[in-house]
2 protein chains.
Amino acid sequence: MKRIPTNQLSNHAGEQVLVKGWVNRIRDMGGVHFLVLRDRTGTVQVVLEGGGLFNVALKPETALSVVGQVAVEPRAPSGIELRAEKIEMLSFPAEDLPFAVNQGATLRAGLDLIFNHRALSLRHPRLAAVFRIQAEIVHAFRTFLREQGFTEVHTPKIVAAGTEGGAELFPVRYFERPAYLAQSPQFYKQMLVGAGMERVFEVGHAYRAETHDTSRHLNEYVSLDLEMGFIDGVEDVMAVENKLLAILVEHLAKNCAREVSRLGATLPTVGQIPRVPLFEAQAAIKERHGKESPRGNLDPEGERLVSRWIEETRGSEWVFITHYPVTERPFYAMPALSEPELTESFDLLFRGLEVTTGGQRIHDYRRLVASICRFGLDPGDFEFYLDAFKYGMPPHGGLAIGLERLTMQLCGLDNVREASLFPRDRNRLTP
Amino acid sequence: MKRIPTNQLSNHAGEQVLVKGWVNRIRDMGGVHFLVLRDRTGTVQVVLEGGGLFNVALKPETALSVVGQVAVEPRAPSGIELRAEKIEMLSFPAEDLPFAVNQGATLRAGLDLIFNHRALSLRHPRLAAVFRIQAEIVHAFRTFLREQGFTEVHTPKIVAAGTEGGAELFPVRYFERPAYLAQSPQFYKQMLVGAGMERVFEVGHAYRAETHDTSRHLNEYVSLDLEMGFIDGVEDVMAVENKLLAILVEHLAKNCAREVSRLGATLPTVGQIPRVPLFEAQAAIKERHGKESPRGNLDPEGERLVSRWIEETRGSEWVFITHYPVTERPFYAMPALSEPELTESFDLLFRGLEVTTGGQRIHDYRRLVASICRFGLDPGDFEFYLDAFKYGMPPHGGLAIGLERLTMQLCGLDNVREASLFPRDRNRLTP
């Protein structure tokens, strides 16, 4: 007998069906038990008449299979109920639950408890909603890029050198050699553009050994990366992201309305995203709020104030901040033609938080070597990367979106850890 | 002016277009230059009349942009040619090429040279074909599983314990703590089944610190993982893989015919894949070839002989080998009901090579703890994993496909490294 997901039961009224899931709630009405069975698609009310069907006390979170008749029942929450004929216990809770996942719109437990019992906490529909949305974000990202002629790639995470010059790396013992976990696929995605693929994307892990403990940082995160060749300038990269985000939000509106509403979140609109030079953004929040910014950057409060400014004056929850100084970007950032102390780079702020970093890269071999030297680094350490620039590397640029940050902002979460199934931070290495 | 990919030029006959790519070949016919321009979609013949258009010697692999008229020319390889009006050099080769990528159906260079100059070697159409096919394998995997109600997940690769009990792990220094690179997402995908997701898949890196250097092993590889709950038995998992492979091969036939033919490869047929108990496979190759197998397993030669046997007797290039002994599988493998010294597990052989390992897992908490102890391991080391089994873990199973191995076998490659963009092995950490 083929199992029917609970959200399809209404198509089977009057039929005998097989349903499987977890006990969400139980009510004993004197001889008649009502239970709500939960599977990955939703819940159904199950009616058990007579005590003969099962002779043990059912507990919440027991895994069950139920064979029964689907009956129309206007008083049931979904308009139908399942009249059980045969019940099989598949798996019993071995211990008392540390918290209930069947009560209320939010889960009443602290983050530590939530992560310590991840397999239980994710059964709460609000927490589950976050990861359905996340899966659809990734799906929309890939679908759009494939349509735009991008090829999906997988690049190594065990590397010999960092992309940013050695800071914040996790060391790995690779046989007899020292190695590191990749901070980003930056070098590799550029090399693959030059390798004739032209347009590549990757969904993969990135690692930052940052010691600070904030609500915006993970030490292991998923990076949505793309890189594209034969661009006219950094504007081409921003245009791709603008279009990607518009399609992504549309996809979520169409496919995740229930999850978005369960989270009490609101999807943003994505129009033409404003592009504002960094110095202008810094000046605006100085004037409006007396806010001082660090040299060549925005701090977290600055990001929030700039977002607020743009939302109030331009009506956009998104803003590209452009023209970061050479000194504040990696050595591969392309200097601006007219102002060589600035770069053809950008960050994207969304609802007060940086969710993307991108830009055009230096493609000329000699210029790149000179830039490495100017940063006080040794070109010899980057030989494997530089080789790709020796054989006609076209103009190119790209970006990286932090998946958990984008998820966090779209879902309205307070902490980026809530957007990671199994977060890794300074203090957490399990589960 | 919008760039047109070379494979779409025939739709623009008579029009002025912009094309970008690399110089593949050059012929100087006394005043008229012919060059073949290559982009990610193919090549086009470009005609340059008069010497005034450019005054430097064009070299192969120079990156160019060309504005010109598309003209029908029956003598040109693709039936059209581009008559150049304006040429812009985007990027020159800075050094002589270590090998040519524009000559012959195969690239004449050893593997080390190929990997040392990866950005150049991948410009050879035969090498590029492998990774187009690989991207489509992954796409077909995901598309099929999404349709079957699976959710894509991303699980941590920095872990506190190995899935196989500690062997062959790469150590990571995680702040003050020892940690390892994950050998597989095994624990996490199981936990997520129990977390109510029921059906999950992941495309992610896996790490094995195996010191042996063979043509079948990578130390970092991409694992196509799936795990599904509420199964009736291991047959459900094999059925999913059987269907997945049929659809995957169909997808490749439809979308990668050119790449498959460039590789001189033949796509397999996927019918009902035979299922053969291990002891039966061992006995058959013993009888046919006098081949002795290691206890409870097949060695590489054994895999080849079993594949040959099945192909000759059953006409299938695929075979599920089932019922491996408990002692040869991890502690979480489900013992067979009728023969508790065997497991409900399988490997899938394809053209003489193991490309998948899968099976049903133990879902009962107490039984799993007992199994850990029986393997001489400490349940305390697996507490984070065991927690997921305390709250009604349903019967479940899953599998892992080695992406590079599957690519290698489908493409007819000799070495699994050729199916990795940037392979990691005992001796190679760059590029």
Side-chain angles (χ1 to χ4, degrees), chain A residues 3 20 22 40 61-63 90-95 97 117-120 122-123 128 135 138 151-158 160 170-175 177 179 188 191 194-198 205 220 222 230 363 365-366 384 387-388 390-395 421-422 424 426 429-431, chain B residues 3 20 22 40 61-63 90-95 97 117-120 122-123 128 135 138 151-158 160 170-175 177 179 188 191 194-198 205 220 222 230 363 365-366 384 387-388 390-395 421-422 424 426 429-431:
Chain A
R3 176 189 179 198
K20 297 180 180 185
W22 288 272
R40 69 178 187 277
E61 303 311 321
T62 301
L90 300 173
S91 191
F92 293 99
E95 291 191 6
L97 308 183
H117 303 287
R118 200 51 166 146
L120 182 62
L122 284 169
R123 292 187 192 171
V138 175
T151 301
E152 181 167 15
V153 297
H154 307 279
T155 69
K157 306 308 165 201
I158 305 182
F170 285 115
V172 179
R173 200 164 72 233
Y174 191 73
F175 301 113
R177 280 192 277 181
Y188 295 100
M191 292 165 78
M197 289 186 164
E198 295 187 27
H205 280 98
E220 177 182 56
V222 176
F230 295 106
H363 60 274
Y365 172 69
R366 288 183 188 85
F384 70 92
D387 186 73
K390 290 180 182 170
Y391 316 112
M393 173 67 92
L421 284 167
F422 300 99
R424 290 290 176 265
R426 178 77 198 239
L429 186 56
T430 54
Chain B
R3 175 189 180 198
K20 298 180 179 184
W22 288 271
R40 70 177 187 276
E61 304 310 321
T62 302
L90 299 173
S91 191
F92 292 100
E95 292 190 7
L97 308 183
H117 303 287
R118 200 52 165 143
L120 183 62
L122 284 170
R123 291 188 193 170
V138 175
T151 301
E152 181 168 14
V153 297
H154 307 279
T155 69
K157 305 307 165 202
I158 306 182
F170 285 116
V172 179
R173 201 164 71 235
Y174 192 73
F175 301 112
R177 280 191 275 180
Y188 295 101
M191 290 164 79
M197 289 185 163
E198 294 187 25
H205 280 98
E220 177 181 57
V222 175
F230 295 107
H363 59 274
Y365 173 71
R366 287 183 189 82
F384 69 92
D387 186 73
K390 290 180 182 169
Y391 315 113
M393 174 66 93
L421 285 167
F422 300 100
R424 290 290 177 264
R426 177 78 197 237
L429 187 55
T430 55

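Chain A is the first sequence line, chain B the second, and so forth, proteins listed ahead of strands; every chain is numbered from 1.
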If you tally heavy-atom pairs under 4.5 Å against chain A, which of [options] wins?
options: B:Pro171, B:Ala63, B:Pro394, B:Ala128; value: B:Pro171
options: B:Met191, B:Lys390, B:Glu61; value: B:Lys390
options: B:Ala135, B:Gly194, B:Ala388; value: B:Gly194
options: B:Val138, B:Thr151, B:Leu90; value: B:Leu90

Checklist line | Most contacts with chain B, counted as non-hydrogen pairs under 4.5 angstrom, among A:Glu95, A:Arg173, A:Glu198, A:Met197 | finding: A:Glu198
Margin query: Looking only at heavy atoms and a cut-off of under 4.5 Å, which of A:Glu152, A:His154, A:Arg426 has the most pairs with chain B?
Written below: A:Arg426
Note to self: Under the rule for side-chain contact (heavy atoms from CB on, under 4.5 Å), what residues qualify as partners of B:Ala195, not counting sequence neighbours?
What the structure shows: A:Ala119, A:Leu122, B:Leu192
Please flag which part of [X] lies under 4.5 Å from any non-hydrogen atom of chain A: side chain, backbone, both or neither.
X: B:Val222; answer: side chain
X: B:Arg366; answer: side chain
X: B:His205; answer: side chain

Notebook entry, point to check: Would you say A:Leu421 and B:Tyr188 make side-chain contact, with heavy atoms under 4.5 Å?
Noted result: no
Check: So, A:Ser91 side chain and B:Met393 main chain: donor-acceptor pair closer than 3.5 Å or not?
Finding: yes
Margin query: Keeping A:Arg424 on the side-chain end and B:Ile158 on the backbone end, is there a donor-acceptor pair under 3.5 Å?
Written below: yes
For [X], is it the side chain, the backbone, both, or neither that has a heavy atom closer than 4.5 Å to a heavy atom of chain B?
X: A:Pro156; value: both
X: A:Glu220; value: side chain
X: A:Arg3; value: side chain
X: A:Phe230; value: both

Checklist line | Least distance between heavy atoms, A:Ala94 atom then B:Tyr365 atom | finding: CB-CD2, 3.7 Å
Next item on the list: Determine the interplanar angle of the A:Phe175 and B:Phe170 rings, folded into 0 to 90°, and report it as parallel if under 30°, tilted if 30 to 60°, perpendicular if over 60°.
Entry: perpendicular
Check: Listed by chain and number, what are the ring pair (Phe, Tyr, Trp, His ring centres under 6.0 Å) partners of B:Tyr391, not counting sequence neighbours?
Finding: none
Next item on the list: Answer yes or no: does atom CZ of A:Arg177 have more than 12 heavy-atom neighbours from other residues, nucleotides or ligands under 6.0 Å?
Entry: yes
